[in-house]
*Asks:* 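Let me give you the structure first, and then I'll get to my questions.
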Amino acid sequence: MTAKSPTALITGASRGIGAAIAQELTAQGYEVIGTSTKGGNGLLPLDLLDPNGPAALAKSLSGRTIDLLVCNAGLYLDKDQSLADGYPSEMWATEFAVNVTGVFLTVQAFLPALKPTHDKTGGKIAIISSQMASHTRAPGGSYIYRASKAAALNLGRNLATDLKSEGVAVGIYHPGWVQTDMGGMEAEISAEQSAKGLSDRFAALSLTTTGCFETWDGRAHAY
């Protein structure tokens, strides 16, 4: 009897790191379900500015087991904002809605699909944060993005505590400085390099290492 391929759900899979992760996991034999804000081109629609979006997507996939949930979708709207007169309140609300609330609601919606049944171990949750979440990285600027990624890191750490007894492991990851629209072409690594390293981290994630904050190439990162 042929073993069933594992299933991965990746948010923000239309481009950049998300698209590269989808390609890498597909090559590894995963059945990949990708999402983007509008959907299309083989992706399912998931607008994380809509608080009902994750639950609606989970309902549409009811009955499917998710082995790996990759919360990758994110916004970086405040890159060049001025401390003197930038960072408007609506920018804070939008960025946090996607980078923090969207992650939580997606995890919450897909918990039933991630929890173990009598014949399988629990699924895994990978939250793509950033080294900009760490207290060790404070060069100033990008206040909203830094704060939202720090919140996502804190969220992941606490989810790891609550879900360990449920058999679900949670890892938080810095994807590297990646050559994407967000990272810029002067960045250090390609999206494909990041995705390969991240896929190795996902494979190594277990209940023993749950709550880890690691770089794409396997180094533990300070919180």
Side-chain angles (χ1 to χ4, degrees), residues 3-36 43-44 46 54 58 61 64-74 99 102-104 106-111 113-116 120-131 133 149 152-153 155-164 166-178 180 183 189-221 223:
K4 181 182 180 295
S5 298
T7 299
L9 174 63
I10 305 168
T11 66
S14 63
R15 58 181 179 164
I17 297 170
I21 293 173
Q23 185 175 26
E24 177 64 32
L25 292 179
T26 298
Q28 292 182 12
Y30 276 83
E31 178 185 354
V32 172
I33 303 169
T35 78
S36 65
L43 302 175
L44 298 181
L46 175 60
L61 295 172
R64 298 285 296 273
T65 296
I66 302 298
D67 299 283
L68 173 62
L69 172 62
V70 183
C71 295
N72 166 75
N99 295 0
V103 172
F104 178 80
T106 300
V107 170
Q108 187 179 53
F110 282 95
L111 267 183
L114 285 157
K115 289 184 179 180
K120 68 181 287 293
T121 56
K124 301 178 183 182
I125 299 168
I127 296 174
I128 307 302
S129 180
S130 169
Q131 66 181 4
K149 288 301 185 180
L153 169 58
L155 175 63
R157 292 278 291 168
N158 282 280
L159 284 169
T161 298
D162 281 340
L163 295 179
K164 186 172 184 178
E166 302 284 350
V168 178
V170 183
I172 309 99
Y173 302 98
H174 165 55
W177 185 19
V178 186
T180 61
I189 61 173
S190 68
E192 290 73 24
Q193 287 174 292
S194 175
K196 179 61 174 71
L198 287 170
S199 70
D200 290 342
R201 306 285 75 73
F202 305 159
L205 178 62
S206 70
L207 292 177
T208 301
T209 60
T210 191
C212 62
F213 182 32
E214 295 177 343
T215 63
W216 67 279
D217 53 355
R219 292 173 288 125
H221 203 298
Y223 300 109

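Scope of the values below: all heavy atoms of this structure, side chains included, with no hydrogens, waters or symmetry mates. For this chain, numbers begin at 1 and follow the sequence in order.
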*Asks:* Might you work through the side chain to side chain contact (heavy atoms under 4.5 Å, CB included) test for Leu155 and Val103, ending with a clear yes or no?
*Replies:* CA-CA 9 Å; Leu155 175 63; Val103 172; 3.8 Å; yes
*Asks:* Does Thr11 offer a backbone N or O that forms a donor-acceptor pair with the side chain of Asn72 under 3.5 Å?
*Replies:*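 The answer is yes, because a donor-acceptor pair under 3.5 Å joins these two groups.
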*Asks:* Quick one: side-chain hydrogen bond (donor to acceptor under 3.5 Å, both in side chains) pairs with a partner in residues 202-215, sequence neighbours left out?
*Replies:*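 Pairs touching residues 202-215 that pass the test: Thr215-Asp217.
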*Asks:* Any donor-acceptor pair under 3.5 Å linking the side chain of Ser129 with the backbone of Lys149?
*Replies:*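 Pair found, side chain donor or acceptor close to backbone of Lys149.
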*Asks:* Looking only at atom types and distance, does a side-chain atom of Ser36 sit under 3.5 Å from a main-chain N or O of Ser14, one as donor and one as acceptor?
*Replies:*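 No, because the side chain of Ser36 does not come within donor-acceptor range (under 3.5 Å) of the backbone of Ser14.
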*Asks:* Evaluate the criterion side chain to side chain contact (heavy atoms under 4.5 Å, CB included) for residue pair Ile10 and Ile33; output intermediate values, then yes/no.
*Replies:* CA-CA 6 Å; Ile10 305 168; Ile33 303 169; over 6 Å; no
*Asks:* List for me each residue that meets salt bridge (Lys or Arg N to Asp or Glu O under 4.0 Å) alongside Glu192, sequence neighbours excluded, and say none if there are none.
*Replies:*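 With neighbours one apart ignored, the set is empty.
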*Asks:* Donor-acceptor pair, Lys124 side chain versus Leu205 backbone, under 3.5 Å?
*Replies:*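 Pair found, side chain donor or acceptor close to backbone of Leu205.
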*Asks:* Could you tell me whether Arg157 sits above the aromatic face of Tyr223, with NZ or CZ closer than 6.0 angstrom to the six-membered ring centre and within 45 degrees of the axis?
*Replies:*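 Yes - Arg157 lies over the ring of Tyr223, closer than 6.0 Å to its centre and within 45° of its axis.
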*Asks:* Report yes if some heavy atom in the side chain of Pro54 is under 4.5 Å from a heavy atom in the side chain of Leu46; otherwise report no.
*Replies:*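 Contact flag for Pro54/Leu46 side chains = yes.
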*Asks:* Step through it carefully: locate the ring centre of Tyr173, locate the ring centre of Phe202, and say whether they are under 6.0 Å apart.
*Replies:*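 Aromatic pair counts; centres sit under 6.0 Å.
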*Asks:* Would you say the side chain of Ile125 lies within less than 4.5 Å of the side chain of Leu159, judging by non-hydrogen atoms?
*Replies:*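 Heavy-atom side-chain distance check fails, nothing below 4.5 Å.
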*Asks:* Could you go through the side chain to side chain contact (heavy atoms under 4.5 Å, CB included) check for Phe110 and Leu61 one step at a time?
*Replies:* CA-CA 9 Å; Phe110 282 95; Leu61 295 172; 4.1 Å; yes
